[in-house]
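These notes are about the structure you will find just below.
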Number of protein chains: 2
Amino acid sequence: MAHKPRKEMIAETRAKLVSAARQAFGTAGYAEASMDDFTAAAGLTRGALYHHFGDKKGLFEAVIAEIDAEMNERLCAVSAKATNRWQGFVDESVAYIEMALEPEIQRIMLRDGPAVLGDPSQWPNANACISSMTRSLTILKEEGRVGDIDPEAAARLVSGASLYAAQWIANADDPAATSKKAVKAFKTLLNGLLAEKG
Amino acid sequence: MAHKPRKEMIAETRAKLVSAARQAFGTAGYAEASMDDFTAAAGLTRGALYHHFGDKKGLFEAVIAEIDAEMNERLCAVSAKATNRWQGFVDESVAYIEMALEPEIQRIMLRDGPAVLGDPSQWPNANACISSMTRSLTILKEEGRVGDIDPEAAARLVSGASLYAAQWIANADDPAATSKKAVKAFKTLLNGLLAEKG
DNA sequence: ATAATTGCATACGCTGCGTATGTCAACTAT
DNA sequence: ATAGTTGACATACGCAGCGTATGCAATTAT
């Protein structure tokens with residue numbers, strides 16, 4: 001009776017591994033995170049890891065997919081709250097900068113992720129953020145709110161600027177002041193996308 | 001007679017190590033580059049590496065400093081050619097995107113660099129590019145050509161957007177077409193910095 | 001009940017890094 | 001000139017971490 005169904009046990013094991021790995025990757029970093037260590041912290045061994053995820057990179061991908069989904073959800077919530085679509089886009093972009101200040105996101109998504117898995121735009125399970133940004137821009141373009149630019153290109157430029165800015169802010173002597181400067185410059189830059197000066 | 005002066009031999013050894021490492025880091029990547037392998041390729045051993053650079057990261061920093069210097073030189077040449085300062089800034093930024101398409105720069109400066117050494121804005125010997133961009137923007141601001149934004153913040157946003165765009169372009173199915181879209185969107189974005197719509 | 005499958009652990013070998021040590025050539029001083 | 005010193009690099013060793021091969025026990029299928 002005390003037996004849980006099999007599927008549940010397996011899902012639990014996977015979740016434990018992802019969680020422990022996320023913790024380790026987020027703090028120590030991918031290269032420095034020892035598989036022996038964090039599997040043990042989850043009460044398991046590397047055997048379980050190789051069984052479920054193939055290798056260290058496989059588990060890393062799972063962690064990334066999880067975080068990406070969370071980020072996307074948060075960003076959607078932000079843009080949904082805005083009064084108009086352009087404002088929603090701006091808010092979303094700024095929120096993106098702010099999320100990039102979180103150490104876990106910075107380390108896993110922005111630093112180790114690209115180094116280990118390559119170009120983020122090629123990640124299979126993690127592009128929800130970019131896609132939703134692109135969608136927003138597509139509509140804004142149709143509405144004539146923004147000029148004649150490729151929405152995906154703009155979305156990528158914006159997210160690139162954001163994450164770079166975030167790194168800079170996070171490591172600055174005075175993050176709060178730096179953040180102000182960055183956000184202001186960022187909004188100014190975004191105005192370039194508008195069809196008419198706002 | 002056949003003896004070269006000591007200093008020269010040492011400089012040669014260092015140069016050989018940097019060159020071999022640059023080659024290995026640029027193709028295999030930092031983590032996959034075996035110190036035994038690429039020191040051997042230079043006709044040396046790891047002993048020489050540890051003697052001169054302390055560790056693998058130390059050598060990596062030297063490689064980065066070298067590449068950064070080259071990039072800066074190229075960027076200066078571009079902006080020097082322009083007819084006016086704003087145009088020079090735009091050209092420089094676009095040139096930055098184009099440079100980021102080179103596999104070596106992409107791999108070493110944009111991917112492995114940040115992952116291994118952390119935030120690029122904190123690198124000791126490698127910020128020549130950003131500094132010169134910041135200088136250009138400072139002057140443009142004084143001239144009233146661009147609006148009231150923090151020059152360094154803008155420079156970082158721009159370079160972030162550039163390198164992210166470059167990665168995207170380099171991995172696209174049709175790099176040429178993607179590049180066109182990206183550069184157009186990029187120039188549009190830059191217009192946001194202008195005090196008046198150009 | 002027995003066979004087959006599967007989830008995970010254990011055991012082994014290999015690679016690659018860092019350090020400690022050794023060695024020989026080149027500069028220095030008398 | 002020669003003895004001593006420094007410094008440039010090689011060699012040797014130990015250790016951690018990854019991947020694979022193997023083992024085992026519990027579930028599922030027949």
Side-chain angles (χ1 to χ4, degrees), chain A residues 1-64 107 112-113 115-117, chain B residues 1-64 108 112-113 115-117:
Chain A
M1 239 289 103
H3 306 284
K4 290 187 189 175
R6 197 103 205 283
K7 291 280 174 192
E8 239 175 73
M9 295 295 295
I10 296 169
E12 202 174 304
T13 297
R14 291 178 62 97
K16 271 196 267 186
L17 283 173
V18 170
S19 167
R22 178 172 172 167
Q23 165 68 22
F25 292 153
T27 53
Y30 179 82
E32 287 70 30
S34 157
M35 296 164 75
D36 279 323
D37 288 353
F38 69 72
T39 52
L44 295 160
T45 68
R46 274 180 349 186
L49 192 160
Y50 280 101
H51 183 72
H52 286 293
F53 299 97
D55 60 358
K56 198 180 184 182
K57 271 168 81 168
L59 178 51
F60 190 55
E61 283 173 20
V63 170
I64 287 206
R107 183 89 219 211
D112 291 344
V116 175
L117 303 178
Chain B
M1 236 287 105
H3 305 282
K4 291 188 188 175
R6 196 104 203 280
K7 292 278 174 194
E8 239 176 74
M9 295 295 293
I10 295 169
E12 202 174 305
T13 296
R14 290 179 63 98
K16 270 196 267 185
L17 284 173
V18 170
S19 168
R22 179 172 173 167
Q23 165 69 22
F25 291 154
T27 53
Y30 179 81
E32 287 70 31
S34 157
M35 296 164 77
D36 279 323
D37 289 353
F38 70 71
T39 52
L44 296 159
T45 68
R46 277 184 11 243
L49 192 161
Y50 280 101
H51 184 71
H52 287 293
F53 298 97
D55 60 357
K56 197 180 184 182
K57 272 168 80 168
L59 178 51
F60 190 55
E61 283 173 20
V63 169
I64 287 206
I108 296 179
D112 291 345
V116 175
L117 303 178

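Scope of the values below: all heavy atoms of this structure, side chains included, with no hydrogens, waters or symmetry mates. All chains are named by letter (A, B, ...) in the order of the sequence lines, taking the proteins before the strands, and each is independently numbered beginning at 1.
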Verify, without hydrogens or angle tests, whether B:Ser19 (side chain) and B:Ala15 (backbone) share a donor-acceptor contact under 3.5 angstrom. no
To the nearest Å, how far apart are A:Asp55 CG and D:dT20 P? 8 Å
Atom CE of B:Met9 and atom P of C:dA26 are separated, to the nearest Å, by 8 Å
Which of the following nucleotides, C:dG16, C:dG18, C:dA9, is nearest to the side chain of B:Ser34? C:dG16
Whole-Å distance, A:Ile10 CD1 to C:dT6 P, equals 10 Å
Expressed as a whole number of angstroms, how long is the span from A:Asp36:CG to D:dA16:C1'? 9 Å
For B:His51 and D:dC9, is the shortest distance between a side-chain N/O and OP1 or OP2 below 4.0 Å? no
Quickly work out the A:Leu59 CG to D:dC18 C1' distance and round it to whole Å. 14 Å
Looking at DNA chain C, which of residues 23-31 of chain B put a heavy atom within less than 4.0 Å of it? none
Kindly confirm or rule out a cation-pi arrangement of B:Arg22 over B:Phe38, judged by NZ or CZ under 6.0 Å from the six-membered ring centre and within 45° of its axis? no
Distance-minimising heavy-atom pair for A:Gly29 and A:Asp112: CA-OD2, 3.4 Å
Provide, to the nearest angstrom, the distance between the CG atom belonging to B:Leu49 and the P atom belonging to C:dT19. 12 Å
Length of the OH-P vector between A:Tyr50 and D:dA21, whole Å: 12 Å
Which atom names give the shortest non-hydrogen contact between B:Val18 and B:Ala62, and what distance separates them? CG2-CB, 4.2 Å
Work out which heavy atom in B:Val63 is nearest to a heavy atom in B:Ala21; give both atom names and the distance. CG2-CB, 4.0 Å
Taking for A:Gly47 and for A:Asp37 the nucleotide of DNA chain D with the nearest heavy atom, the one nearer the 5' end belongs to A:Asp37
Under 4.0 Å, counting only non-hydrogen atoms across every strand here, what does A:Ala40 touch: a base, just sugar-phosphate, or nothing? nothing
A:Lys56 vs D:dC18: side-chain N/O to OP1/OP2 distance below 4.0 Å: yes
Does a distance-only test, which skips hydrogens and angles, find a donor-acceptor pair under 3.5 Å between the side chain of A:Arg46 and the base of D:dG17? no
Taking only the side-chain nitrogens and oxygens of B:Thr13, find out if one of them lies under 4.0 Å from OP1 or OP2 of D:dC9. yes
For the residue pair B:Tyr50 and B:Asp55, what are the closest heavy atoms and their distance? CE2-CA, 3.8 Å
Rounded to whole Å, the CE-C1' distance (B:Met35 to C:dT19) equals 12 Å
Nearest heavy-atom pair of B:Lys16 and B:Leu44: which atoms, and what distance? CB-CD1, 4.5 Å
